*Asks:* 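Submitted below is the structure of interest, expressed as structure tokens.
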Amino acid sequence: MTHDAARAALAYTSAFVDEMQRAGVRHVCVSPGSRSTPLALAVAGNSKIKTWIHIDERCSAFFAL
């Protein structure tokens, strides 16, 4: 991924997370990995959303329920 593409992905996901927060989302489960890095960084950068980190996606989904 080029530097410009990475910056665009982070801008897009930051806008997405901001809209989630405005819609009332207060908690997000994240399973960080190379493909979800922009989303994980955007969630971590939003101080109004509590971030829960789980290494395994299945555990994260169970916790979220």
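Just the heavy atoms: all of them, side chains too, but no hydrogens, waters or symmetry mates, feed the values below. All values reported here derive from a predicted model rather than from experimental measurement.
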*Asks:* If Ile, Leu, Val, Met, Phe, Trp and Tyr residues are connected whenever their side-chain heavy atoms lie under 4.5 Å apart, and connections chain through other members, are L39 and L10 in the same group?
*Replies:*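 In one cluster: no.
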*Asks:* In this structure, are over 12 heavy atoms from other groups packed under 6.0 Å from R26 atom CZ?
*Replies:* yes
*Asks:* Checking T37 side chain against P32 main chain: does a donor-acceptor pair fall under 3.5 Å?
*Replies:*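 Absent.
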*Asks:* If Ile, Leu, Val, Met, Phe, Trp and Tyr residues are connected whenever their side-chain heavy atoms lie under 4.5 Å apart, and connections chain through other members, are V43 and I53 in the same group?
*Replies:*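 No, V43 does not connect to I53 through the hydrophobic network.
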*Asks:* Supply the atom-to-atom distance C29 SG to F63 CZ, rounded to the nearest 0.5 angstrom.
*Replies:*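 C29 SG to F63 CZ: 5.5 Å, rounded to 0.5 Å.
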*Asks:* Looking at CZ of R22 and NZ of K48, how far apart are the two atoms once the value is rounded to the nearest 0.5 Å?
*Replies:* 9.0 Å
*Asks:* Closest approach of V25 and I49, non-hydrogen atoms and distance?
*Replies:* O-CG1, 3.8 Å
*Asks:* Which heavy atom in E57 sits nearest to a heavy atom in S31, and how many Å separate them?
*Replies:*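 Shortest heavy-atom contact: CA-OG, 3.6 Å.
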*Asks:* Working to the nearest 0.5 angstrom, can you tell me the gap between T13 OG1 and N46 CG?
*Replies:* 11.5 Å
*Asks:* Is S14 reaching over with its side chain to a backbone N or O of A42, donor-acceptor style, under 3.5 angstrom?
*Replies:*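 No; judged by distance alone, with no hydrogens or angles, the pair does not exist.
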*Asks:* Give the intermediate values and the outcome of side chain to side chain contact (heavy atoms under 4.5 Å, CB included) for residues R7 and T2.
*Replies:* CA-CA 9 Å; R7 194 176 343 189; T2 67; over 6 Å; no
*Asks:* Looking only at heavy atoms, what is the nearest atom pair of V30 and A40, with distance?
*Replies:* CG1-CB, 3.6 Å
*Asks:* Taking S60 for its side chain and D56 for its backbone only, find out whether a donor-acceptor pair lies under 3.5 Å.
*Replies:* no
